[in-house]
Amino acid sequence: MKAKFLTFLKKNKLVFLGIAIGMIGGYAYYYFIGCDTKTCPITANPYISSLYGAIVGGLIFESINRKK
């Protein structure tokens with residue numbers, strides 16, 4: 001079980017890196033550019049903005065990982 005998990009982590013380390021970078025980028029977007037009027041559904045909430053960034057970052061880095 002542990003060996004399978006470690007193999008999974010090694011195989012997808014680039015995707016996890018993309019998720020982390022996306023979360024940081026999503027929060028940075030909320031902090032520096034975000035919506036002040038609280039009417040924007042993504043940028044008005046730091047949690048949603050970070051989650052959206054994590055999804056986008058994971059997908060982008062997954063596409064890079066598939067090219068290898």
Side-chain angles (χ1 to χ4, degrees):
M1 177 80 172
K2 185 177 179 181
K4 287 183 181 182
F5 182 69
L6 290 176
T7 304
F8 174 77
L9 285 179
K10 286 180 184 179
K11 183 179 173 185
N12 295 308
K13 65 183 171 187
L14 200 59
V15 176
F16 291 121
L17 178 66
I19 290 171
I21 290 172
M23 286 182 78
I24 293 168
Y27 184 79
Y29 187 84
Y30 158 77
Y31 186 78
F32 293 113
I33 300 173
C35 186
D36 288 335
T37 61
K38 305 294 183 204
T39 58
C40 311
I42 294 175
T43 59
N45 187 338
Y47 299 113
I48 294 174
S49 182
S50 297
L51 180 64
Y52 186 76
I55 291 169
V56 171
L59 289 174
I60 290 172
F61 276 68
E62 173 66 24
S63 69
I64 293 170
N65 195 25
R66 294 276 181 196
K67 290 181 182 178
K68 287 173 66 175

Quick check on the hydrophobic clustering: are [X] and [Y] connected, directly or via other members, by side-chain heavy-atom contacts under 4.5 Å?
X	Y	value
Leu9	Leu17	no
Ile21	Ile42	yes
Ile48	Ile55	no
Ile24	Ile33	no

* Asked: In Å and rounded to the nearest 0.5 Å, what is the CD1 to CG distance from Ile64 to Leu59?
  ->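 So the gap between those two atoms works out to 11.5 Å.
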* Output the distance between atom OH (Tyr52) and atom OG1 (Thr43), rounded to the nearest 0.5 Å. =>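 One gets 11.0 Å once the value is rounded to the nearest 0.5 Å.
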* To do: Please list all pairs passing the ring-ring contact (aromatic ring centres under 6.0 Å, His included) test where one or both residues lie in residues 19-49, with sequence neighbours left out.
  => Tyr27-Tyr30
* To do: Mind jotting down which residue pairs meet the salt bridge (charged side-chain N to carboxylate O under 4.0 Å, His left out) criterion with at least one end in residues 49-62? Sequence neighbours excluded, please.
  => Glu62-Arg66
* **Donor-acceptor under 3.5 Å (Ser50 side chain, Gly26 main chain)** => no
* Under 3.5 Å, is there a donor-acceptor pair between the side chain of Thr7 and the main chain of Ala3? -> yes
* side-chain hydrogen bond (donor to acceptor under 3.5 Å, both in side chains) partners of Thr37, counting only residues at least two apart -> Thr39
* Between Ala44 and Cys40, which heavy-atom pair has the shortest distance, and what is it? ->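 So the minimum-distance heavy-atom pair works out to CB-O, 2.9 Å.
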